[in-house]
Amino acid sequence: MRSARLVLPLLLALAACGEVSPNLSLVTEVRPGIADPALLAQGPGPAPGTGVTWRTEYRQGARTPRFGRRTATLARVEGDRYHWDGELAINLPTVQAAMAVQMLARDGRTFVEREGGIVTQTAIIADRSFAATSARTLDAVVFAPDNCHARVGTCAYTRTVAGKAPEHLIAETAFAGGVFSRTVRHDPARDPQRRDGLAETARYSVDQHGLPIDEIVQRGDTINILRRISP
């Protein structure tokens, strides 16, 4: 099974054919969210039915960007686990959408064609602050103990993509002006072959439930962007 790092370039390559506006502006500003990360531990958690919608943007190097939409709605709460269901829609012309569905199906990913692109179902299991223990978007991923989301300081975790070897990571996160800045490196103690290599950098903001308002994540020359559009 291809990782998301290979699936996104595939979709970007398909997008390069017939795209009208390759120079649409890249989102670089992160709108501020909560004023203090401590607020995430205060007040009631999100209630079932709580939902958000983001505009998505994927870029790799000089390739034409690919846009879409992602949703998440809290389906149920089981103890301290919050189950978020949603969908990821990626904009593609009809001919390219059919090709993408076939290629992704060979990798075991279930996408369907919908007018204007392709769609897949997503699922996230997280705590009340949206720190995830598992996520299914383009890949099925398990985090242990969680993905260190919105946690200021140094936080060690393990990320395992289905069918892949575990990645042992260390996140260093700072917070200022309502925005989190995060650098993730491979843990040299647990993964010496990686030699402390940079895995990703991110800037993001969250609401009172830890749900992203804006998020910009860079892995190598690939940039993934979430921009909250509702509510």
Side-chain angles (χ1 to χ4, degrees), residues 1-28 50-75 83-126 130 132 134-142 147 159-164 200 202 204 211-231:
M1 181 179 289
R2 291 187 182 95
S3 71
R5 296 181 185 180
L6 296 180
V7 174
L8 289 177
L10 164 66
L11 296 173
L12 288 164
L14 288 170
C17 304
E19 187 74 27
V20 176
S21 303
N23 296 315
L24 292 175
S25 62
L26 175 69
V27 174
T28 57
T50 299
V52 295
T53 302
W54 300 276
R55 175 179 178 268
T56 63
E57 182 175 343
Y58 305 103
R59 289 179 177 255
Q60 185 183 43
R63 286 181 170 176
T64 301
R66 174 52 42 205
F67 299 94
R69 180 182 52 81
R70 181 174 161 187
T71 65
T73 300
L74 183 58
H83 295 253
W84 298 86
D85 294 339
E87 65 178 28
L88 171 64
I90 301 173
N91 300 341
L92 283 172
T94 302
V95 173
Q96 294 160 12
M99 186 185 306
V101 167
Q102 293 175 7
M103 296 177 73
L104 291 164
R106 288 198 290 269
D107 273 346
R109 293 177 171 83
T110 304
F111 277 79
V112 298
E113 291 184 62
R114 185 178 293 178
E115 184 176 358
I118 60 176
V119 177
T120 190
Q121 300 304 302
T122 64
I124 296 172
I125 301 176
F130 207 60
S134 68
R136 187 185 75 244
T137 51
L138 290 175
D139 286 306
V141 187
V142 174
N147 64 350
R159 177 174 62 198
T160 306
V161 177
K164 301 289 183 180
E200 67 182 40
Y204 60 96
L211 294 162
I213 297 172
D214 292 335
E215 180 180 80
I216 303 174
V217 180
Q218 182 162 4
R219 301 182 181 97
D221 66 347
T222 299
I223 300 174
N224 300 336
I225 298 171
L226 291 179
R227 184 83 168 172
R228 178 89 71 88
I229 56 177
S230 177

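Here the structure is a predicted model, which is why all the values come from computation and not from measurement.
For the atom pair CD1 (I124) and CZ (F130), the distance works out to 4.0 Å, reported to the nearest 0.5 Å. A distance of 10.5 Å separates CZ of R69 from OG of S230, quoted to the nearest 0.5 Å. With values rounded to the nearest 0.5 angstrom, I90 atom CD1 is found 8.5 Å from T120 atom OG1. We find the CD1-CD1 distance between I213 and I229 to be 14.0 Å, quoted to the nearest 0.5 Å. R59 CZ to N224 CG: the interatomic distance, rounded to the nearest 0.5 Å, is 12.0 Å. Rounding to the nearest 0.5 Å places CZ of R227 at 10.0 Å from CD of E57.
Counting heavy atoms from C-beta on, the side chains of T73 and D85 never come closer than 4.5 Å. Side-chain contact check for Q60 versus R63: some heavy-atom pair is nearer than 4.5 Å. At a threshold of 4.5 Å between non-hydrogen side-chain atoms, the residues F67 and I225 do not count as touching.
Here the shortest heavy-atom pairing between G51 and P231 reads O-CD, 3.3 Å. Looking at every heavy atom in both residues, V217 comes nearest to A202 through CG2-CB, 3.9 Å. In this structure, E87 and T122 approach most closely via the heavy-atom pair N-OG1, 3.4 Å. Looking at every heavy atom in both residues, Y58 comes nearest to L88 through OH-CD1, 3.3 Å. Of all heavy-atom pairs between P212 and W54, the closest is O-NE1, 2.8 Å. Shown here for V119 and A89, the closest heavy-atom pair between the two residues is CG2-CB, 3.8 Å.
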- Apply side-chain contact (heavy atoms from CB on, under 4.5 Å) to R66 and L92, showing your working. CA-CA 8 Å; R66 174 52 42 205; L92 283 172; 3.8 Å; yes
- Could you go through the side-chain contact (heavy atoms from CB on, under 4.5 Å) check for W84 and L211 one step at a time? CA-CA 11 Å; W84 298 86; L211 294 162; 3.7 Å; yes
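Checked for salt-bridge contact, R159 and E200 meet the test: a charged N lies under 4.0 Å from a carboxylate O.
Counting only distance, with no hydrogens or angles, the side chain of T56 and the backbone of G68 share a donor-acceptor pair below 3.5 Å. A distance-only check finds a donor-acceptor pair linking the side chain of Q218 to the backbone of G220 [under 3.5 Å].
In terms of the salt bridge (Lys or Arg N to Asp or Glu O under 4.0 Å) criterion, R136 has no residue partners (sequence neighbours excluded). When the salt bridge (Lys or Arg N to Asp or Glu O under 4.0 Å) test is applied to R228, the partners found at least two apart in sequence or on another chain are D207.
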